[in-house]
Every structure is written in C-alpha cells, then in structure tokens.
Number of protein chains: 2
Amino acid sequence: MRRRSSLRISGMTSKSCSDSAPADQLLALDNQLCFALYAANRAVTARYRPLLKELGLTYPQYLVMLVLWQQDQNEPAPKVSELGQRLRLDSGTLTPLLKRLEERALIKRTRGAEDERVVRVALTPAGRALRELAVSVPERLMCGLDVDPAQIVSLRDELRSLLEVLEGAEPTAQ
Amino acid sequence: MRRRSSLRISGMTSKSCSDSAPADQLLALDNQLCFALYAANRAVTARYRPLLKELGLTYPQYLVMLVLWQQDQNEPAPKVSELGQRLRLDSGTLTPLLKRLEERALIKRTRGAEDERVVRVALTPAGRALRELAVSVPERLMCGLDVDPAQIVSLRDELRSLLEVLEGAEPTAQ
DNA sequence: TACAATTAAATTGTGCACAATATAAATTGA
DNA sequence: TCAATTTATATTGTGCACAATTTAATTGTA
C-alpha cells in the first residue's frame with residue numbers, strides 16, 4: 001500500500017465528485033492550479049537560463065548533472081533507466097540529451113558488460129569539475145529575489161506532496 | 001513601483017547573499033524547489049492528458065481555449081500578443097499552436113483591418129461548443145485524487161506569488 | 001535447447017518553448 | 001515626404017517531452 005501524502009486531510013476524500021462550482025469559475029484560467037504551476041515552472045526555468053548558459057547547460061541537462069554529482073563514487077554509475085526514474089523522464093527524452101552531454105565530454109555512456117542492454121552514465125573529470133562552477137548557481141538564483149526562504153521550503157514540500165499523490169493515484173479514466 | 005508579493009516577509013530580503021549551506025545540500029536534487037516544480041508540473045499535465053485527448057486538445061492548446069472561452073463576446077477578439085501576455089508565451093510558440101487550432105476549425109485567425117500587423121483570434125461555433133465538453137474536466141481531474149481542495153487553493157496562491165516575484169525581479173546577471 | 005515473453009535503450013514523429021532573425025506594417029521625425 | 005525606427009507576427013533552428021514502435025539482449029519455460 002502506498003504511503004498517504006500529507007496533502008490528505010484525514011477523513012476527507014478530496015472533493016465530493018458530484019458538487020460543482022459555476023462553470024465560469026471552474027474554467028477561469030487564473031483559478032487553475034495547473035496554470036499557476038505551468039507559468040511558475042517556466043518563470044523559474046527562465047531565471048535559471050542565463051546562469052546555466054555560463055555552464056553551457058540547459059535546464060534539463062542541469063537536472064541530470066545534479067543527479068550525477070550526487071552519485072556516490074563507489075556505487076556503479078547509474079543506468080539510463082535509473083536517471084529516468086529519478087527525473088521522471090523516459091529514454092525518448094534522455095537518450096538524445098545524454099548524447100549531447102557526451103558530445104560535450106561531460107559524461108561517458110558505457111554499455112554494460114554484464115547486461116548488454118543497459119547503458120551506464122558516468123561523469124568524466126570535466127563533468128565532475130563543472131560542479132565547482134555550479135555550486136554558486138542556487139545562491140545566485142535567489143539573490144535579488146524578494147522571497148522568504150522558509151516559504152520556498154514549504155512550497156517545495158507541498159509540491160512534493162502533490163507529486164506523490166499524483167504518482168500514487170489511478171490514471172484518469174479516458 | 002511594483003506591488004510587493006505576499007511571499008515577502010517584512011524587513012527580510014530573501015537570504016543574505018553571502019551565507020551558504022554545504023554544497024552537497026545546495027545541489028541535492030530533492031532540495032531544489034525547481035525540481036519539485038518541474039516534476040509536479042509534468043505530473044499534473046500528464047493527468048490532464050487523457051481527459052484533454054477526448055477533446056482533441058493538448059495541454060497548451062487547452063490553456064489557449066480557456067482564455068478564449070473566458071473572453072467577453074462583446075469585446076473584440078484578442079490579439080496574438082494579448083494571448084501571449086496572458087499565457088506568458090511568445091509568437092514562436094503561439095503561431096504554430098494557433099494554426100493547429102485553426103486547422104481543427106476551433107478558432108479563426110483574422111488579420112486586423114485597422115492595423116494589418118495584428119492577428120485577432122476568435123472562437124468558431126465549434127470552438128465555443130467545445131466548452132460544454134470541457135466543463136467537466138477540472139472536476140474529473142480531481143476525482144479520485146486524494147487531495148484537500150483548500151490546499152490546492154493555497155498552493156495555487158503561493159505559486160502565483162512566486163510568479164509575481166519572478167516577473168518583477170531583475171533578470172539574473174549573466 | 002528452442003522460443004515466447006520480457007526488458008532496456010534507441011528511434012521516429014508530433015508538439016511545445018524559446019532564442020534569433022525576418023518580414024511587413026505603422027509611426028516618428030527631420 | 002520619406003528614411004529611420006518601432007511594432008506585431010511569422011519563421012527558423014535547437015532542445016526538450018512523450019507516445020508509439022523498433023531493436024537487441026535476457027529470462028522463463030516447455
């Protein structure tokens with residue numbers, strides 16, 4: 001059984017699926033969580049962009065590098081599928097992205113000897129070195145931004161809870 | 001002067017831009033608001049996808065339709081640039097998207113008579129009719145999701161505040 | 001051992017996002 | 001008046017996302 005998210009309020013099962021607000025309100029763009037999420041995500045990405053450009057990385061490439069930088073050096077290099085699980089991305093997205101990182105000599109892709117189907121992704125020395133340039137990114141991102149760090153943390157946690165609920169839920173019936 | 005967002009806590013200017021947590025923590029994927037936002041946004045979009053597929057719409061197309069459905073019929077049809085402002089998208093994104101909606105006969109793009117540069121986007125009867133099918137989407141999306149509506153609202157408002165801060169802030173120095 | 005089923009990654013095709021540039025219309029100013 | 005500038009949209013090119021399919025390797029099983 002999947003763990004309950006903190007978004008749940010005990011005894012309450014979301015909204016009763018029969019009650020409905022006026023359609024005008026339900027379909028108003030600014031009432032939608034989905035649009036707030038969509039717009040905020042792109043605004044955050046846009047704010048990262050110039051900083052990551054200095055590193056020669058796109059935003060999704062940066063996320064991949066974050067995973068690799070966090071990897072224990074003693075562990076075997078992660079598989080493409082493991083990166084995918086972590087980032088919620090499939091091979092259709094990751095394969096070309098990883099090829100670009102390999103062209104830039106930041107990573108090395110190696111087909112496994114034990115199992116010829118898997119590809120393991122390891123940092124090159126250059127990829128590891130890039131981390132030194134990246135450490136200043138989170139801080140520089142926040143600099144000049146008029147936000148309360150505590151609220152950032154709580155927003156992050158609420159988003160994680162939402163993600164957990166969404167991933168645990170049955171897919172919407174088609 | 002731009003209005004202050006509620007994310008701000010009086011007298012507090014984000015984090016002092018010199019203090020720094022250990023780099024291990026700063027760069028940890030799961031500590032990043034940006035990843036929570038990125039993953040949650042895609043998870044929400046994925047949950048919309050099967051419902052929107054019934055309408056023959058992609059998620060960004062749905063957002064455009066939300067704006068058009070909300071338009072006052074007595075007002076002149078919105079310009080491409082006005083849709084862009086509302087959705088934070090530029091013509092490079094909107095032009096092909098609107099062409100696809102026009103191919104589906106949901107909208108009509110008309111070059112302005114007063115000013116030949118502007119293109120106005122109006123619903124066709126079919127586009128207006130699609131709204132009837134769309135009204136059930138928000139509700140069906142939430143159904144079976146184990147979330148507290150009040151938390152959705154507060155999350156939405158926090159995201160709006162974040163968006164406001166980001167849009168008001170100076171761009172990050174490159 | 002054969003061979004169907006499964007698994008991992010790659011490929012293909014569509015549709016965003018967005019930077020950079022182009023085109024064409026409107027406006028401004030000498 | 002008309003060249004220069006500005007404005008609105010379109011175009012081009014790159015890089016995601018993701019569905020659907022393909023390829024190749026492995027596993028399970030008769």
Side-chain angles (χ1 to χ4, degrees), chain A residues 34-35 37-50 52-53 56-65 77-85 87-104 109-121 171 174, chain B residues 34-35 37-50 52-53 56-65 77-85 87-104 109-121 171 174:
Chain A
C34 76
F35 176 64
L37 207 45
Y38 171 79
N41 179 51
R42 285 187 305 116
V44 167
T45 307
R47 194 160 177 89
Y48 269 98
R49 199 170 296 119
L52 297 181
K53 196 176 181 186
L57 294 175
T58 65
Y59 184 71
Q61 287 168 8
Y62 172 69
L63 296 179
V64 168
M65 294 302 284
K79 306 173 184 178
V80 171
S81 56
E82 287 167 347
L83 291 178
Q85 275 171 35
L87 298 169
R88 277 78 172 174
L89 293 171
D90 67 8
S91 68
T93 301
L94 283 174
T95 298
L97 186 157
L98 294 172
K99 282 182 178 175
R100 283 186 281 270
L101 288 179
E102 189 170 40
E103 274 170 29
R104 286 206 49 219
R109 297 184 314 137
T110 319
R111 209 160 269 279
E114 354 64 86
D115 185 337
E116 285 279 341
R117 291 171 304 179
V118 323
V119 168
R120 291 193 177 270
V121 179
Q174 220 229 298
Chain B
C34 76
F35 176 64
L37 207 45
Y38 171 79
N41 179 52
R42 285 188 305 116
V44 168
T45 306
R47 195 160 177 88
Y48 270 98
R49 198 169 296 120
L52 297 182
K53 196 179 181 184
L57 295 175
T58 65
Y59 185 71
Q61 287 168 8
Y62 172 69
L63 296 179
V64 168
M65 294 302 284
K79 306 173 185 179
V80 172
S81 56
E82 287 167 347
L83 292 178
Q85 275 171 34
L87 298 168
R88 277 80 173 174
L89 293 171
D90 68 9
S91 69
T93 301
L94 284 174
T95 297
L97 185 156
L98 293 172
K99 282 181 178 176
R100 282 185 282 268
L101 289 180
E102 191 170 38
E103 274 169 29
R104 286 207 48 221
R109 298 184 313 138
T110 319
R111 208 160 271 277
E114 0 58 89
D115 186 336
E116 284 280 340
R117 290 170 307 180
V118 323
V119 168
R120 291 191 178 273
V121 179
Q174 220 227 297

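Just so it is clear: chains get the letters A, B, ... in the order the sequence lines come, proteins before strands, and each one is counted from 1.
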To the nearest Å, give me how far apart CD (A/Q85) and C1' (C/dT7) are. 13 Å
With sequence neighbours excluded, tell me which residues meet salt bridge (Lys or Arg N to Asp or Glu O under 4.0 Å) with A/R111. none
Nearest-Å distance, CG (B/L94) to P (D/dT9)? 10 Å
Going by side-chain contact (heavy atoms from CB on, under 4.5 Å), name the residues that satisfy it together with A/V80, two or more places apart in sequence or in a different chain. A/L94, A/L98, A/V119, A/V121
Letter per nucleotide, 5' to 3', of nucleotides 12-23 of chain D [B base touched, S only sugar-phosphate touched, - untouched; heavy atoms, 4.0 Å]: ---SSBBB----
Identify, residue by residue, the members of residues 109-118 of chain A with a heavy atom below 4.0 Å from DNA chain C, and return them in order of residue number, or none. A/R109, A/R111, A/R117, A/V118
Phosphate OP1/OP2 of D/dT11 contacted by B/K99 side-chain N/O (<4.0 Å): yes
With A/T58 via side-chain contact (heavy atoms from CB on, under 4.5 Å) - residues at least two apart: A/P60, A/Q61
Salt bridge (Lys or Arg N to Asp or Glu O under 4.0 Å) against A/E82, all qualifying residues, sequence neighbours excluded: none
Partner set under side-chain contact (heavy atoms from CB on, under 4.5 Å) for B/T110, not counting sequence neighbours: B/K108
Rounded to whole Å, NZ of B/K79 lies from P of C/dA25 at a distance of 17 Å
Taking the inter-plane angle between the rings of B/Y62 and B/Y48 on a 0 to 90° scale, is it parallel (under 30°), tilted (30 to 60°) or perpendicular (over 60°)? tilted
Applying salt bridge (Lys or Arg N to Asp or Glu O under 4.0 Å), can you list everything that pairs with A/R117, at least two apart in sequence or on another chain? A/D115
Rounded to whole angstroms, how far apart are CZ on A/R120 and P on C/dA10? 13 Å
Residues forming a side-chain contact (heavy atoms from CB on, under 4.5 Å) with B/S81, sequence neighbours excluded: B/K79
